[in-house]
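I have placed the structure first, in the form of structure tokens, so that the comments after it can refer back to it.
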There are 2 protein chains.
Amino acid sequence: MTKTDVLSLAILGMVAEQPLHGYQIRKRLGAELGPFRALSYGSLYPCLKRMVADGLLVAEGEDSSAASASRRSRIAYALTADGKARLDDELSSSGSGAWDDDAFDVRFSMFGKTDSATRLRILEGRRTRLAERLDEVSTSMQRVRDRHDAYTAELHRHGLEQVEHEVAWLDQLIEHERSATRGDNSTSASAGKN
Amino acid sequence: MTKTDVLSLAILGMVAEQPLHGYQIRKRLGAELGPFRALSYGSLYPCLKRMVADGLLVAEGEDSSAASASRRSRIAYALTADGKARLDDELSSSGSGAWDDDAFDVRFSMFGKTDSATRLRILEGRRTRLAERLDEVSTSMQRVRDRHDAYTAELHRHGLEQVEHEVAWLDQLIEHERSATRGDNSTSASAGKN
DNA sequence: GTTAGCATGTAAGGAGTTACATGATTTT
DNA sequence: AAAATCATGTAACTCCTTACATGCTAAC
């Protein structure tokens with residue numbers, strides 16, 4: 001079974017469009033999830049190996065035909081049937097921990113390949129998670145206020161504001177998703193950028 | 001030398017006010033840094049032991065005198081002279097990596113014990129770090145826009161907005177800090193809560 | 001008297017980083 | 001020809017979590 005972690009999921013999603021080699025995967029991961037969260041090769045390559053061993057990917061040595069007599073050492077990774085099945089499974093399941101910061105971002109970046117119902121489920125799950133955070137933080141703000149530390153209080157106030165902002169963002173997306181579902185149930189990706 | 005990591009620093013700052021035992025430290029850490037980032041005992045207790053071994057803390061068995069014939073198993077940790085020196089050192093140094101998310105939060109929560117000049121240095125350092133992030137993200141947004149994925153673009157747009165919001169917050173704090181320095185150079189903690 | 005919360009610890013393991021080691025290809 | 005960038009990998013290590021193991025104390 002080998003649980004699908006966030007990184008594996010991101011790789012599955014990335015390789016689904018076209019075979020890629022490790023170096024490219026790392027760059028795209030950096031581009032999609034934010035460049036400052038770039039991940040090291042020391043994480044990536046072992047993960048790719050594991051996924052090949054698990055039968056989710058195949059490693060293809062560059063084809064030595066036609067155009068390119070160059071570049072021998074590159075290894076392109078492509079989805080196997082199992083890998084495709086696993087990806088489809090994850091894409092429709094709003095899986096185990098899709099509400100964590102990282103997992104949510106990965107899931108969201110794949111919304112273009114996700115059906116509307118699952119998109120909605122993920123957005124709502126994330127919203128619920130943030131709402132929980134919201135009242136945990138406001139509860140602890142009370143306690144901090146009692147201990148008269150203005151800077152700590154300010155830190156919490158700002159944290160709260162950030163979470164509130166994210167909730168508002170989700171509400172917009174959810175609203176958008178719902179109205180799109182009422183009209184037609186296409187998989188079109190058209191998030192509002194007003 | 002034994003580099004002071006974020007956790008140790010947070011503990012030093014916490015114990016500086018009064019001796020505390022492990023359980024209390026964990027609760028306060030949760031309260032100050034946000035309850036959802038609570039840290040496990042499996043991290044905390046070994047860290048406390050390390051700090052005692054390094055001579056930064058002393059472990060005091062509850063005094064068996066007067067009032068309390070109860071509670072034998074509690075161990076209160078207090079700062080040693082070395083620990084106090086280390087804390088003062090860190091508090092005035094805006095040390096190695098004070099710009100990371102976690103490190104900044106810990107530093108900020110100790111602003112009440114930090115002098116104005118160091119506060120300003122930390123705020124500006126953080127601001128610079130976020131500004132870097134800002135143009136890394138906007139650069140990568142361009143690349144994403146080329147690959148026509150509306151959801152990924154929306155994720156980046158929102159991320160950008162969050163970072164911009166945090167920069168605006170820092171600007172306010174920096175402005176506040178500067179005007180306070182011009183008037184008087186007290187260590188008073190009076191962050192604006194309009 | 002039993003449940004909930006206080007209190008301390010250890011062992012195993014997960015998920016990642018840094019530093020190292022190597023070599024090909026493209027640009028200047 | 002040197003430097004930058006593309007490309008792949010391993011080993012050691014860090015930091016943290018989970019699960020376990022233990023026992024006291026207060027409240028219901």
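First the proteins, then the strands, lettered A, B, ... as listed; each starts at 1. Being a predicted model, the structure only gives us computed values, none of them experimental.
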Which listed nucleotide (D:dT18, C:dT17, C:dC6) is nearest to the side chain of A:L39?
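Per side-chain heavy atoms of A:L39, the pick is C:dT17.
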Could you please name the option among D:dA7, C:dG9, D:dT17 that lies closest to any side-chain atom of B:I75?
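The listed nucleotide nearest to B:I75's side chain is C:dG9.
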Check B:R178 with B:E124, please: is the shortest side-chain N to carboxylate O separation under 4.0 Å?
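Looking at B:R178 together with B:E124, the answer is yes, because their closest N to O distance falls below 4.0 Å.
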Is a salt bridge present between A:E161 and A:R157, judged by a nitrogen-to-oxygen distance below 4.0 Å?
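Between A:R157 and A:E161 there is a salt bridge, with a charged N closer than 4.0 Å to a carboxylate O.
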Phosphate OP1/OP2 of C:dG16 contacted by A:S43 side-chain N/O (<4.0 Å):
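No, outside the criterion.
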Qualifying residues under side-chain hydrogen bond (donor to acceptor under 3.5 Å, both in side chains), relative to A:D82, sequence neighbours excluded
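Partners of A:D82 under the side-chain hydrogen bond (donor to acceptor under 3.5 Å, both in side chains) test: none.
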Can you name the side-chain hydrogen bond (donor to acceptor under 3.5 Å, both in side chains) partners of A:K84, sequence neighbours left out?
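Counting only residues at least two positions away or on another chain, A:K84 forms a side-chain hydrogen bond (donor to acceptor under 3.5 Å, both in side chains) with A:D88.
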Identify each atom pair where a protein N or O and an N or O of nucleotides 10-14 of chain C are less than 3.5 Å apart, giving names and distance.
| residue | atom | partner | partner atom | Å |
| --- | --- | --- | --- | --- |
| C:dT10 | OP1 | B:K49 | NZ | 3.4 |

Just checking, any donor-acceptor pair under 3.5 angstrom between side chains of B:H165 and B:Q162?
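Short answer, no.
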Categorize B:A59 for me: base, sugar-phosphate, or nothing, with a 4.0 angstrom heavy-atom threshold over every strand shown.
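Nothing, no nucleic acid heavy atom in range.
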I need the [atom1]-[atom2] distance between [X] and [N], as an integer number of Å.
X      : N      : atom1 : atom2 : answer
A:D5   : C:dA15 : CG    : C1'   : 8 Å
A:Y77  : D:dG9  : OH    : C1'   : 9 Å
B:K27  : C:dC6  : NZ    : P     : 5 Å
B:L7   : D:dT14 : CG    : P     : 15 Å
A:L48  : D:dT8  : CG    : C1'   : 11 Å
A:I11  : C:dA15 : CD1   : C1'   : 13 Å
A:D101 : C:dG16 : CG    : C1'   : 17 Å
B:L20  : C:dT8  : CG    : P     : 11 Å

Should the pair B:F108 and A:Y151 be assigned to parallel (<30°), tilted (30 to 60°) or perpendicular (>60°) ring geometry?
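It falls in the perpendicular class, over 60°.
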What verdict does the side-chain contact (heavy atoms from CB on, under 4.5 Å) test give for A:D101 and A:R126, after you've listed the backbone C-alpha separation in whole Å, the side-chain angles of each residue and the deciding distance to 0.1 Å?
CA-CA 9 Å; A:D101 295 326; A:R126 175 70 178 168; 2.9 Å; yes
Applying side-chain contact (heavy atoms from CB on, under 4.5 Å), can you list everything that pairs with A:S43, at least two apart in sequence or on another chain?
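side-chain contact (heavy atoms from CB on, under 4.5 Å) list for A:S43, sorted by chain: A:L39, A:S40.
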Mind jotting down which residue pairs meet the salt bridge (charged side-chain N to carboxylate O under 4.0 Å, His left out) criterion with at least one end in residues 4-30 of chain B? Sequence neighbours excluded, please.
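The answer is B:E17-B:K113.
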When the axes are fitted on five pairs at both termini, how much does the helix from C:dG1-D:dC28 to C:dT28-D:dA1 curve, in 10° steps?
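What I find for the helix from C:dG1-D:dC28 to C:dT28-D:dA1 is an axis angle of 30°.
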